[in-house]
Every structure is written in structure tokens, then in C-alpha cells.
Amino acid sequence: MSNFRLYILSFALAALSIGAFVYKAFWLNFPIESDTASKYWTIEASVSFSGKDKPVKVALIIPRSDRSNLVMDENFISQGFGVTTAQKGFNRKATWSIRHAKGPQKLYYRAVVRKIDKEEEESFALPPAKIPSRNFDEANDLAVETLIEKLLAVSADEETFIRVLLKYLERPSENEELAFVLHDQTSKRHKMNTAARILRQAGIPARSAHGLLLTSSQRRAELEHWIEVYQGNKWVSYGQRESSLEMGDYLVWSRGEDAILDVIGSNDPSFSLSVEINNERAIESALLRSKTLQRFFYEYSLSNLPLSTQATLRIMLSLPLGALLIVLLRNVVGVSTIGTFMPVLIGIAFRQTQLVTGILLFTLIIAVGLSARFFLEKFKLLLIPRLAAVLVIVVMLIALISLLSQKLGLSLGISIALFPIVILTLTIERMCIIWEEGKPADAMHQCAMTLLAAACCYFVLGDPRCEHLFFVFPELNLLVLALILPLGRYSGYRLTELYRFRSLTTEKKQGADEHV
Amino acid sequence: MSTYSKLKAKSLLGLNKRNADYILRFNNRRDYPKVDNKILTKRLARAFGIPTPPLYFLIEAPGQIRSFAQSVAPYSDFVIKPARGSGGEGILVITGSKAGRFRRANGSSMTVQDLQSHLHNVLSGLFSLGGLPDTAIVERRVIFDEVFKDITFSGVPDIRIIVFFGVPVMAMLRLPTAMSGGKANLHQGAAAAGVSIATGTTLHASWFGEDIEEHPDTGEVITGRQIPHWEHLLDYAARAYELCKLPYLGADFVIDRDHGPLLLELNARPGLQIQIANRIGLGARLKTVEGKKFELAPPAERVRYARETFS
């Protein structure tokens, strides 16, 4: 009886979920597949600082429309600040000002950027701009002149001159003059600013440019830096990170040496950028004809949330599917894992590290943690201090791996910090206990099964199509719920039980079945 | 015939079915503490006339650990177990002490410091369900009846009886092996023999899910052995239902040389390996009992019914 009601509930949930999905996907044209070649992007810059009850002026360079990008739908989100924008040299500048700023302050600049197709590009060609001549001081002048001499000697024309200079800049320590001019500052931004100066000194019209790569959604986007040289009536870019990418994939944020952010009246400003594919714009035309119900779906879409919240929600909304996988693996297949939902968290961490690296890292952390734990065993520590000690070791280990991977040029960086540290610690303790009880094979087996389950989660949750689907259609989680509920009443055998009870299936010698 | 349907035909009970259709359906969570806490079980068992190993003392606070050596001085041998332990984890059997060193049942020896460290682990909940702080029980060591000596490798053999609505439905004898390290835990490699409810003789034996005839270490035949005091064991098992009111229950007994059957612990989620040892599924037997209101009948009648119905 109760089972029947459960099925009714489950069926209703499934119908609701599929209904909402079909309506949104086929009547409202919400995009089923994520379009990575999207024309529309939402960019967001946030500035935070603490006010000291004094006047504050925040100047932030903001992007402007150019031949490859159209900046539209700009929003300046701030409380109590006055905002003005002005063109200054190559750049557009937004200035927020307030008489009294007290406590932590946060300012946002949000805009939708539309990429301009190749055909349209010509109409946005800009007339040659005047180059500000900001030259080197006397001390540097000589070094720069020597450097230019050297470059001229090893280059054939303007283009090779630029390429050789950029090549030198990759390893400035190998060139005495260059190292001197750079003053030991090795940031890419500074290098490109210096390169532009050197080129101008050599009589080549050049400027540095700083911008964002619009190829994937990033919660914490970093500015890229390169130089632009005026050649044959147009600006040509050199030195961008991935030369294979079209310049059209970049959004130029600022040009020249002006600081992106300048805050007067506070001394602890911080600045972050994020980039997100904008799916709403792609379907906006359909919604222009919208009636109230349709408008409801649009206005209550998760894509209207701040970008950093969206990135978190993307991960969160794919968790239920991971939970469903775990239910299947544990109750239908019968795999035993360490910690119920730990494989889901590890699977999500794998998404950042990629599968093989992830498995290696996980194994490494567990192995080192276990050795440390075995070492601590000698001291007979109490449980909680022992767990705390292992936690410290795990944290240090993750910090060390981040550092090493950075040095080796592997971009694992933040990604491994996503490993659930506390759960890892408990895993190590759990494995150690099983191990100590003389069952290292069991410990290894459970660990391997956990990794296997994590890999399954990775393959499903790691698929960008899946993530997109659950983000744009969060109602699909009701379908997941509709599947989980009846599985909660599944009373059939687990796959592993077929093996476990195998001896009962072999037809038996004399007199096996005589008793019941 | 597929494996799945073969198992179904044997009315084998799987974990999902056990959880969904028996434990979750019949066992009331309110009654769990009576079996999860061995101190409570001991107290209740006495009230219901079921003998258990005598309690020496409890260690409830870390402060008591320091004076452990003095507390334990009057006893030459004893057992330390966590009150909320599960699966036999954290149980330490000390068979004797000499010059500050304690000899364990498996032959190794421990210092007072080792014992104290173990007690700290017990109290901090390392072996308890859900890792909650726990109490350590120090009780008399069971000197097991010689009857199974030739089919036991160190440790104590025990008898598990599954009781459904107070009716003993299936039983097995668990025999420690070298691999199980003296523990009667099947996951850890103990051997198991199915026991006839009617007669109390061992029927089949299994080890690691495979059929065996002889004990893997001693080489003696396991099947066809009579369990002593079978009448009493069934009686105590049936009465264990009154004690905790859990319809689906596992009761574990040992047979003491001097005191006969003693209840070691009760289990609200007994495992399913008992089916391998008996070469038959639990499903059909549980169905026979279900819905017949046996819980209203006196224990003696339930035992009589069980012996008539289940071979």
C-alpha cells in the first residue's frame, strides 16, 4: 500500500519535471546544449575594499566596444556611490565616488559582450591612434639603446624584430639589458608594457593590451597581456598566450600602462573578474514575444544570479545526479565505498584535475597520510588529536602539491584544494583501522572501490553537457528524486550478492534440500 | 536458470530486502539502544532470566583509565569490550598477566600502557557505532566448553540464532580460524556451520562463501556435531525477543564450561551469511512465521513450534 503511494508520488514528480523541461526546451527554446562558441558572454568585475569614513574615489578601467566585441547592457552595481564614465586615452574609465564610506564595500561592473562576426569586423576598424610617448629615463635609456642594437642585428624586418624581442622577454635573465630594464619585475603585464616601450623607442608604433579570453566560463578569470603594433593601417597583435586562438576570442579590457583599478581613500582594494557564457541572450528574441508566464521562467532563471553564485550552483545542482549514481552503485550493484557520498565529492574534484591526475593525487595523499598515520600510531595518541594531526598533514600535503605543480607548470593550482580535506582525513583513519586489524587487502579494496565510484561520478558529472542541462533546467532534479524514491524500496538482490551467495546456486550433493 | 532466479528460488534474503522489508518495516528504532548498548542488554537480560558473562566493572571516564591496573588486579583474566561496539571490533581478551605484562588470547602480550591506550580508543568512540563516546566493559572471560575445541583455532566459538517475532528461525555455529585471528567474525575469515533448529546438530559448513567439510586449520570434521544445551539456547533466544521487542533479531551465545550458555550480545541488523552456512535462504522461513501473531505466545510454545517446523 505504502509502496503504491510512493510510486504515485514518484510518477507525479517525474511528470512535473519532464513537463517543465519539455515546455522550457521546446516552447521557450531554452538551450538544451551548451553553446561554447557562444556569441554572448556576461563579464563581471568586482571591487571590494574597506571604507574608513572618508571620501573614496574608485577608478576602474572598463572595456569598450571595438572591432571584435560589442559591449552592451552595462550595469554598475553599488550602493550610495555616484558613477560616471569617461573616455581617457585608449581606455574607458568608470569612476565611483562617495563622501563617506564605512565598513566593507563592494562594487560591481557587469556587462554583456557580443562577439562580432568576421564579416562585420571591418566596419569596426579604428583609425590609427596616437601613441603616447612615455619613454625611459636616462639610466634605462642606454640599456634600451644597446638592446635595440642587438635586436636589429639578429632580425630581418619589423616583424622578426618584434618576435625576437618577445622571445627574449620569455627568459629575461639571459639578457643583461632586458633584465636591467625590467627591474626584476617578471609579471606578464609589466613585460608587455616594457615591450611596447622598447618598440616605441625603436620607432615602431606599439602599445600593450590587456584583456580576457572568452572561450570558457571562469569564476576567477585572469587578465591576459599582449602587445599591439600598428602595421599596414591596422593594429596587429603579438605575444598572446595561445597564438592559435583568433584575436576575436579576446575581449580587450584596457590598453597602455594605466592601472586597471585605482582606489583613493582606501588602502586594501581587491579586484576580481569572472566570465560566463550568456545563454539568455541567445534565447532573448524568443522571449521578446513573451507573455507573463514565459517572463516568469526567464526572470526566475538561475542565470540571472551573480556569476560567482552561478558557478557554485552549477556544481551544487549536479550533486543530486551523483547521489543517484551512488544509490545505484551501493544498493543495486552492491559496491562498498568509504564514506557514503565521498565518491561524489572526489568525482567533482577530478573534474578540475582531470581523471588520471586526480586518481594519482588522491592515491598520493592517501598513501602519504597513511604512512604518517602509521608513524603516529607509535605515540598512542588519543583519537581526536590524532585525527587533527592527520588533518594538518593532509592540508600541508595539498599545499605542497599545489606549490610543486605550479613550479612544474602544471595548472592544478586551486583545483586540488577542492578535495574534501576533512573527509580525506577520516578516510585515512578508517583505512588505517581496517589495515591494523590485519586486513590491508580490505582497506585497499574499499579504497579502490571508492576511486571506481568517484570515476563513475566524474564521467557523468564531468560532462559539460550534463552540467549545462541541470543548470538551465534545474527541475530535472525532481526527476532524479523521482528515481531515487522507488530505489529506496528496491528489495531485489545486489549484483555483488549474486557472487557472494554463489555457493547456494550450485546444485548440491546428497540431502541438501531436505530441510525447510 | 539465471543466478538471480536460482537465488530467488532458494528464497535467499538479500541486503536490500532485509533492510527494506524486515528491519525498516518491523524493527522500531526506539528499541535499538537495548541491543546497541551491551550494558543495557546485560541488565535487561538478567531481568528476563537470560544469563550473560558476569560484569567486573565499567570504565566510563578517561580518569578511570589511570588506575586501571589497580582495578583489574583482583582478576587474573578478563575481557575488555566497548559497550557500543559492533562486529566484534575493539574486544580484547586477556588470559593472564605476569610481571606487568598481559597475555592475550591470540598469544601476543601487552603492557599496561598498551591496554590504557586501547581503553582511550574505546572511550573516544573509535569502535562505537557512529563514533560516539563510549564506555568500556570489563567482564569475566568465557572459558568455553571443550566440546568444540578440536574445530576451533584459538578464540571462542559462538552460536548465532536469528529470531523472528520470538521464533528461532535459523542458527549457525561460528568457528574462529587462524585467518580470523581468534574472532568469530565471518567477514574476517571465521568458518560457519549451519545448525538444525530441531536437533541442534551442525548440518553444513562454509568458509569464505565456499562449502567445506573440515575446519581449515584443525582438519576435523565440522558437520554432524551436537551443540550442548540446545534446549536452553533456543529458550534464551526466544526470550531475547521479550527483552528488546525487536521482531527481527540476531542473538549471539557462547557456551561456558561451568555456566552453560551465556548471551554475548543482541543484534538488530544480523548479517546474511547464516544462509550460506545453512545452504538455504531465510525468506521462506520468515514468511512462515510472519503474520501468525507468535509474539503473543509464551516462549516455550514458540520454541516448540520452531523445532517442529524448521529442521
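All chains are named by letter (A, B, ...) in the order of the sequence lines, taking the proteins before the strands, and each is independently numbered beginning at 1.
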Trainee: Does A:Phe11 have more than 12 heavy atoms from other residues, nucleotides or ligands lying within 6.0 Å of its CZ?
Mentor: no
Trainee: Can you tell me how far OH of B:Tyr22 sits from OG of A:Ser491, rounded to the nearest 0.5 angstrom?
Mentor: 9.5 Å
Trainee: What pair of heavy atoms forms the shortest contact from B:Ile280 to A:Leu504, and how long is it?
Mentor: N-CD2, 3.6 Å
Trainee: Say you draw a straight line from CZ of A:Arg489 to CZ of B:Arg25; how long is it, rounded to the nearest 0.5 Å?
Mentor: 8.0 Å
Trainee: Evaluate whether atom OH of A:Tyr499 has more than 12 neighbouring non-hydrogen atoms of other residues, nucleotides or ligands under 6.0 angstrom away.
Mentor: no
Trainee: Looking at B:Met170, B:Gln273, B:Gln116, B:Met179, which one has more heavy-atom pairs under 4.5 Å with chain A than the rest?
Mentor: B:Gln273
Trainee: Around atom NZ of B:Lys292, are there more than 12 heavy atoms from other residues, nucleotides or ligands closer than 6.0 Å?
Mentor: yes
Trainee: Do A:Glu497 and B:Leu12 come close enough that some side-chain heavy atom pair is under 4.5 Å?
Mentor: no
Trainee: When only pairs under 4.5 Å are counted, which of B:Pro62, B:Gly209, B:Gly189 shares the most heavy-atom pairs with chain A?
Mentor: B:Gly209
Trainee: Of the backbone (N, CA, C, O) and the side chain (C-beta and beyond), which part of B:Leu13 lies under 4.5 Å from a heavy atom of chain A, both, or neither?
Mentor: backbone
Trainee: What are the two closest heavy atoms between A:Ser503 and B:Ile276, and how far apart are they?
Mentor: OG-CG2, 3.4 Å
Trainee: Within the supplied structure, the quantity of interest is the number of heavy atoms (other residues, nucleotides, ligands) at a distance under 6.0 Å from B:Met110 CE; does it exceed 12?
Mentor: yes
Trainee: Got B:Leu126 and A:Arg386 here, is their nearest side-chain heavy-atom distance under 4.5 Å?
Mentor: yes
Trainee: So which part of B:Gln113 gets closer than 4.5 Å to some heavy atom of chain A, the side chain, the backbone, both or neither?
Mentor: neither
Trainee: Looking at every non-hydrogen atom in both residues, tell me the closest pair between B:Leu7 and A:Leu498 and how far apart they are.
Mentor: CD1-CD2, 3.4 Å
Trainee: Rounded at 0.5 Å granularity, tell me how far CG in B:Leu15 sits from CG in A:Asn331.
Mentor: 9.0 Å
Trainee: Testing the basics here: between B:Tyr4 and A:Tyr493, what is the closest heavy-atom pair and its distance to 0.1 Å?
Mentor: OH-N, 3.2 Å
Trainee: Enter the distance from A:Phe501:CZ to B:Ser206:OG here, rounded to the nearest 0.5 Å.
Mentor: 10.0 Å
Trainee: For B:Gln275, is it the side chain, the backbone, both or neither that has a heavy atom under 4.5 Å from a heavy atom of chain A?
Mentor: both
